[in-house]
Asks: 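Sending over a structure as structure tokens; questions will come in a sec.
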Amino acid sequence: MQRILSYPEAIKEAIVQEMTQNPSVIVLGQGVDDPKGILGTTKGLVDKFGSERVFDTPLAEDGMTGVAIGAALAGLRPIHVHIRMDFLLLAMNQLINMAAKMRYMFGGEVFVPMVVRAIIGKSWGQGAQHSQSIYPLFMNIPGLKIFAPSTPYDAKGCLIQGIRDNNPVLFIEHRLLYYQRGHVPTESYTVPFGKARILAKGKDITLVGISQMVIECLRARQYLKEIHIDAEIIDPVSLSPLDINTILDSVLKTKRLMVIDNAWMTCGAGAEIVAQLIERNIPRDVVIKRMGFASVPCPTTPALEQHFYPDAKEIALNAYQMLFSGKRAWQPDTELQIEEIEFKGPF
Amino acid sequence: MQRILSYPEAIKEAIVQEMTQNPSVIVLGQGVDDPKGILGTTKGLVDKFGSERVFDTPLAEDGMTGVAIGAALAGLRPIHVHIRMDFLLLAMNQLINMAAKMRYMFGGEVFVPMVVRAIIGKSWGQGAQHSQSIYPLFMNIPGLKIFAPSTPYDAKGCLIQGIRDNNPVLFIEHRLLYYQRGHVPTESYTVPFGKARILAKGKDITLVGISQMVIECLRARQYLKEIHIDAEIIDPVSLSPLDINTILDSVLKTKRLMVIDNAWMTCGAGAEIVAQLIERNIPRDVVIKRMGFASVPCPTTPALEQHFYPDAKEIALNAYQMLFSGKRAWQPDTELQIEEIEFKGPF
Amino acid sequence: MDEQIHILAEKFYKSLYRIRRVEEEIARIYPTDKIKSPVHLSIGQEAISVGVCEALRPNDTVFGTYRGHATYLAKGGNLEKMIAELYGKSTGCSKGKGGSMHLIDVAKGVMGTSAIVGTTIPLSVGYSYALKYRNSNAIVVCFIGEGAVDEGAFHESVNFAALKRLPVLFVCENNRYAIHSHHLSRSHSDNIYERVQTYGMQAERIDDGDIFKIYEFTSNYIKRIMLGNITPVFLECITYRWKEHVGPNDDFHLGYRTKGEAEYWIQNDQLKKLKSLLDTDISSNIESAVDLEIKNAFEFAEESHFPEVKELYTNLFKDE
Amino acid sequence: MDEQIHILAEKFYKSLYRIRRVEEEIARIYPTDKIKSPVHLSIGQEAISVGVCEALRPNDTVFGTYRGHATYLAKGGNLEKMIAELYGKSTGCSKGKGGSMHLIDVAKGVMGTSAIVGTTIPLSVGYSYALKYRNSNAIVVCFIGEGAVDEGAFHESVNFAALKRLPVLFVCENNRYAIHSHHLSRSHSDNIYERVQTYGMQAERIDDGDIFKIYEFTSNYIKRIMLGNITPVFLECITYRWKEHVGPNDDFHLGYRTKGEAEYWIQNDQLKKLKSLLDTDISSNIESAVDLEIKNAFEFAEESHFPEVKELYTNLFKDE
Ligand SMILES: Cc1ncc(C[n+]2csc(CCOP(=O)(O)OP(=O)(O)O)c2C)c(N)n1
Ligand SMILES: Cc1ncc(C[n+]2csc(CCOP(=O)(O)OP(=O)(O)O)c2C)c(N)n1
Ligand SMILES: [Mg+2]
Ligand SMILES: [Mg+2]
């Protein structure tokens, strides 16, 4: 029997296991010890590990990031939690000017083992300031590692890897992924940086989806099946470093690529993936397209918000058009009951 | 007779002209009223316009950015000056969560007319925290406009455009461009957003250089002449919005493209340019390459720093290899006296 | 009762009753999913906005927080447009793009609220810089929670306001909590106003929520400004949030705070107090007028249209 | 003279003379372009680092600023590696990658200096959190300029240190200027230490630069920590920078400050004062030993190699 956990349960299990085996691991952030416990992911930790290891912070994202870095320099392994990724915009100075650079600018004399958990919001009127997904800003910066897992299995494995890693790690979670359930082994395990995961095999088109967009890709795959298009779905999992080879191999096979960013596209992960493939001289007949957020702040009203984000139908439609451009008219079957995506594993 | 000005003189002239004709224009920033006057660009302004219009600020990048936004909401046109672009990492929250979004998230009820001047450092041991060029982080964000002019002519015209623009504008200046001299008309004029500039015509390869890297491209062009390679040099000038069509036209002609970023490459302007070209289905035989900073923080020692940045010789060598891959060995003539690049205009 | 007090009480009651009832109606409607963005109710804290804003002049400006319904309404923000905004309709004050956390009414001097804590503090200060620069005698009021005081932006902004002697009134609504986190679990001392004094400005605390004191403090500040004595001031108002941090419900069951703690504030409800100062016919007239206005506003919101898809791309830049 | 004072004076003189002479030598060499990064000299301010660091124990930790030569040396940082770092050599304390603004000596508890103002403040606090967590009786000293006090990070860090009662000593070297900007053109009041008191910690000012007072303040703090009374403290030291903000020259001609203003501090030079307390043979012994050490350090730097090109890509990540 496979053990099934939800995404937040997987996150919490990773933290509990690491905190149990290593007293240097601490958790800090606004609300980590409160009754809601960061959507459950830190709930009860303070009772288990005490308020010196699990503590609420003042509303001071820049300062508290520096505090986490300082604690890391002294040998602790802080996990700094932000319930909205948007709040990282207050912490860029410490993350980029310090955490990412300290080891290099001190010639290797120090290291900064810390994890920054950043949750991306979506829907229910989150709006312009509570919905941002700004991983491209961090991908540009050398010295940071970035995970954005989509499955409960990877959530646990990546987080454990991140906690054990001796460098600053950004761990990106999407709220809607919190509904995902899937196989998660009981024991401790790690998922490596720099290794993408093929979530579904296919031969006609490669869909690379980042964070929650990979779920939309999996749904799109169901729509596409109906018209016998067989999509291969890739989750990069690790955004820095990025595993371009897995994507390359897939594209060499399918000759068609769509990257669906969970962010604005300009200077985004999609752009980077495309550029790396081109530099690797992929065959001339490969067709490529990027999708992502509309190039505006996120509006609150659902009437507009639903058009702000790519979704499974739009992905399916674009894929269809890439294969059969102009040949016949098709719309994804709005009646089709897309079964809830659940990750069976093992991976 | 053409009037020749240096790049900083052109900047100062733009500010003086705009301040003279519009009492809403104010200048704030650390050191804007001090004896050095931001490398001369604001020198003497306080005497001319008074300390209410030209003022030093506390060391408070986040807060003072918010102050500038607030003043802009009230109808002033602040020019907020940062002597190092690295300091913008302290101001990301106000720039991205507020300035870029306010008009949209208030449904068009307000506008934020402000200019943020950000100077990029290089050489003389600036090191990891005083050399960053983080325009890709801003290109990702809808709601910001970005200029990075390389010529004195464009410096003046873009800055005037930026000051008159009714939206937040990031104006990026590279310290080494301060040595540039060129034709600058006496009268006031604007240079539009979204229009790239062809700084030199050529038929064999397109070199797109951003900010100071376009100067390196012009130098590379001299080297390449020696072996009869005729490079076309494009300065995007405006990074947001980006004029892809000028680049596209050039690439359709030359079939070869190198983008030389003045920044780290991952999720950079080069990636975006490549992705946009691919999405426009450029012919299959176009060869493409990106160059940019080494993917590490900038080291101080010149022994390493010289390898951190692309330079004219490396650009020329890469261009050569793109054209004659493996056919014969060539090195840019290290003896060749590259004439100082000076912009004759008129443009 | 002295005539002056009576006139004030009537004004205050009208504004306060209106805000309370609007929010109660929001709380009632919320579960139907007609409201399209999270709501942070100010129920229990409204007297601060009312006391301050009743002393303001039309050309004074306010900036508020995501818990901004009271601020918006107290300063005269349009009710129909606010409800339509909550409903995500194109007739909303932000065309449906902002929701409950991004209210604005430029004509009334409500310059906007923000969902990022502390972000409107420097904006208020910058706005007041422009006012002083133009020799206006208007002021800016910056409403914040005590949680915002934790942020570096608070320190930077207060310092600059003090340095430049700007016409800005900071009003800190100290309800003791930032979400579920008590002020004293984020700060060693309970003395915000005293800290602010050290920046070089008058700073006081009103700890019983008395709307008349709040009004008087603001009026005195305005008088001083009109005399040309321009400096910033800071007012810390102790208060209490009755509902959960976000959403329409009570949350005493969560255990981070007790009902007992709330008791003083519920007893001390300024709405009840004001009502007791008024003749019944006066208060019921107010109530029925307001009730009707609210009913109409919700109907307006109901009947309004959602924005058209093309609106997704408008309002990014001015002049485009 | 009392024996105890004499012993201290000798120790102080040795450290202070060494720092002064190192920086004078840096200033002398600088125009030759052998030094490969901008230098921010502490000449005139060194007594603060010396007074504090002489009271520290080896396992105490310091964080400094880009004006960090004095801090680094006073805490025992390796001189040869420092000069080699300034020369951009691979033998430098940061392998030539950091330069003058990024000095570190982990073995000696110098945990690094930063070119971004204010960034080491929260680092110091976080480091001290870890010390307290581990029940160490060590402390952290966080050296900053008064300019850093402007930054939001200062407020956030001091607040957290006070909240958690952390073993950290903040030392503010208030030389009145941030580059060319006077403290009072950035802050309304000249009372940093008083503001810090309101966060809930002891905060004092020493305004004459007296090295013995600085030493005594630090020693008392350490004593208190050893007794288990763990709280942060703050020390504001008024001081004066003799040289220009960056570089080896005087800058009184620029006009942002006057030579007259400097006069008190030049008269009051702690180096001179200490020397006057010592027998001539003692001071000359110190001087010749130090002079030799400095000569050797510069020779070491001269003779060291620049890093090899492949070093460009090393040290980005640990374990890679
Ligand atoms: C910069 C930032 N950090 C964190 C949050 C998450 N957050 C939203 S409201 C809130 C509490 C703010 O408390 P306070 O300022 O006291 O206002 P109140 O809710 O009590 O009115 C927090 C932490 C945020 N929105 N912005
Ligand atoms: C965040 C940041 N803002 C601005 C600067 C530019 N800058 C470098 S040194 C300095 C002055 C700092 O003054 P102070 O803290 O008093 O230290 P001092 O130089 O007097 O020792 C400034 C503004 C910087 N390095 N970092
Ligand atoms: Mg509160
Ligand atoms: Mg100073």
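Everything quoted here is computed from the prediction, not taken from an experiment. Below, read A as the first sequence line, B as the second, and so on, with proteins coming before strands; counting in each chain starts at 1.
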Asks: With rounding to the nearest 0.5 Å, note down the distance linking CD in A/Glu109 to CG in D/Leu103.
Replies: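 Taking CD in A/Glu109 and CG in D/Leu103, the distance rounds to 12.0 Å.
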
Asks: Measuring from D/Glu151:CD to A/Asn93:CG, what's the distance to the nearest 0.5 Å?
Replies: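 Between atom CD of D/Glu151 and atom CG of A/Asn93 there are 8.0 Å.
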
Asks: What part of A/Pro58 lies closer than 4.5 angstrom to a heavy atom of chain D: side chain, backbone, both or neither?
Replies: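 A/Pro58 touches chain D through side-chain heavy atoms alone.
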
Asks: What option among A/Ser24, A/Gly143, A/Pro23 has the most heavy-atom pairs under 4.5 Å with chain D?
Replies: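 The answer is A/Gly143.
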
Asks: If you count heavy-atom pairs under 4.5 Å between each of D/Gly98, D/Ala115, D/Gly126 and chain A, which one has the most?
Replies: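 Counting heavy-atom pairs under 4.5 Å, the top option is D/Gly126.
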
Asks: Checking heavy atoms, do the side chain of A/Leu90, its backbone, both or neither come under 4.5 Å from chain D?
Replies: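 No part of A/Leu90 comes within 4.5 Å of chain D.
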
Asks: Does any backbone or side-chain atom of D/Leu131 lie under 4.5 Å from a heavy atom of chain A? Answer side chain, backbone, both or neither.
Replies: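 No part of D/Leu131 comes within 4.5 Å of chain A.
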
Asks: Specify which of A/Gly70, A/Gly75, A/Ala71 makes the most heavy-atom pairs with chain D at under 4.5 Å.
Replies: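 Maximum pair count with chain D is reached by A/Gly70.
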
Asks: Given the options D/Val106, D/Ile116, D/Val125, which has more heavy-atom pairs under 4.5 Å with chain A than any of the others?
Replies: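 Counting heavy-atom pairs under 4.5 Å, the top option is D/Ile116.
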
Asks: Does any part of the side chain of D/Lys97, heavy atoms only, come nearer than 4.5 Å to the side chain of A/Met105, both counted from C-beta?
Replies: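 Counting from C-beta outward, A/Met105 and D/Lys97 never come under 4.5 Å.
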
Asks: May I have the step-by-step check of side chain to side chain contact (heavy atoms under 4.5 Å, CB included) for A/Met102 and D/Leu123, ending in yes or no?
Replies: CA-CA 11 Å; A/Met102 287 191 77; D/Leu123 266 58; 3.7 Å; yes

Asks: For D/Lys164, is it the side chain, the backbone, both, or neither that has a heavy atom closer than 4.5 Å to a heavy atom of chain A?
Replies: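 Just its side chain gets close to chain A.
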
Asks: Counting neighbours of NZ on D/Lys36 that are heavy atoms of other residues, nucleotides or ligands and sit closer than 6.0 Å, is the number greater than 12?
Replies: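 Correct, the count exceeds 12.
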
Asks: Using a heavy-atom distance cut-off of less than 4.5 Å, which residues of residues 70-78 of chain D contact chain A?
Replies: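 Contacts with chain A: none.
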
Asks: Taking the side chain from D/Tyr129 and the backbone from A/Ala68, do they hold a donor-acceptor pair closer than 3.5 Å?
Replies: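 Pair absent, no side-chain N/O of D/Tyr129 close to backbone of A/Ala68.
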
Asks: With a 4.5 Å cut-off on heavy-atom pairs, point out which of D/Lys95, D/His102, D/Met101 contacts chain A the most.
Replies: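 So the answer, after comparing D/Lys95, D/His102, D/Met101, is D/His102.
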
Asks: What are the two closest heavy atoms between D/Thr113 and A/Phe106, and how far apart are they?
Replies: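 That closest heavy-atom pairing would be O-CZ, 3.3 Å.
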
Asks: Could you tell me which residues in residues 303-320 of chain D have at least one non-hydrogen atom under 4.5 Å from a non-hydrogen atom of chain A, sorted by residue number?
Replies: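 Listed by number, the contacting residues are D/Glu311, D/Leu312, D/Thr314, D/Asn315, D/Leu316, D/Phe317, D/Lys318, D/Asp319, D/Glu320.
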
Asks: Under the criterion side chain to side chain contact (heavy atoms under 4.5 Å, CB included), I'd like the reasoning laid out for A/Met98 against D/Ser114: C-alpha separation, chi angles, the key distance, then a yes or no.
Replies: CA-CA 8 Å; A/Met98 301 299 278; D/Ser114 170; 3.6 Å; yes

Asks: Please check if the side chain of A/Gln94 supplies one atom and the backbone of D/Thr119 the other of a donor-acceptor pair under 3.5 Å.
Replies: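 Pair found, side chain donor or acceptor close to backbone of D/Thr119.
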
Asks: Can you find a pair of side-chain heavy atoms, one from A/Asp62 and one from D/Pro122, that are under 4.5 Å apart?
Replies: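 The answer is no; the side chains never approach within 4.5 Å.
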
Asks: With a 4.5 Å heavy-atom cut-off, do A/Arg53 and D/Tyr133 have their side chains touching?
Replies: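 Yes, at least one pair of side-chain atoms sits under 4.5 Å.
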
Asks: With a 4.5 angstrom heavy-atom cut-off, could you sort out which part of A/Asn166 is near chain D: side chain, backbone, both or neither?
Replies: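 For A/Asn166, the contact with chain D is made by backbone and side chain together.
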
Asks: Would A/Leu73 and D/Phe63 count as a side chain to side chain contact (heavy atoms under 4.5 Å, CB included) if you check the C-alpha gap in whole Å, the side-chain angles of each, and the deciding distance to 0.1 Å?
Replies: CA-CA 11 Å; A/Leu73 288 172; D/Phe63 285 85; 3.9 Å; yes

Asks: Around atom NZ of A/Lys48, are there more than 12 heavy atoms from other residues, nucleotides or ligands closer than 6.0 Å?
Replies: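 No, the 6.0 Å shell around NZ holds no more than 12 heavy atoms from other groups.
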
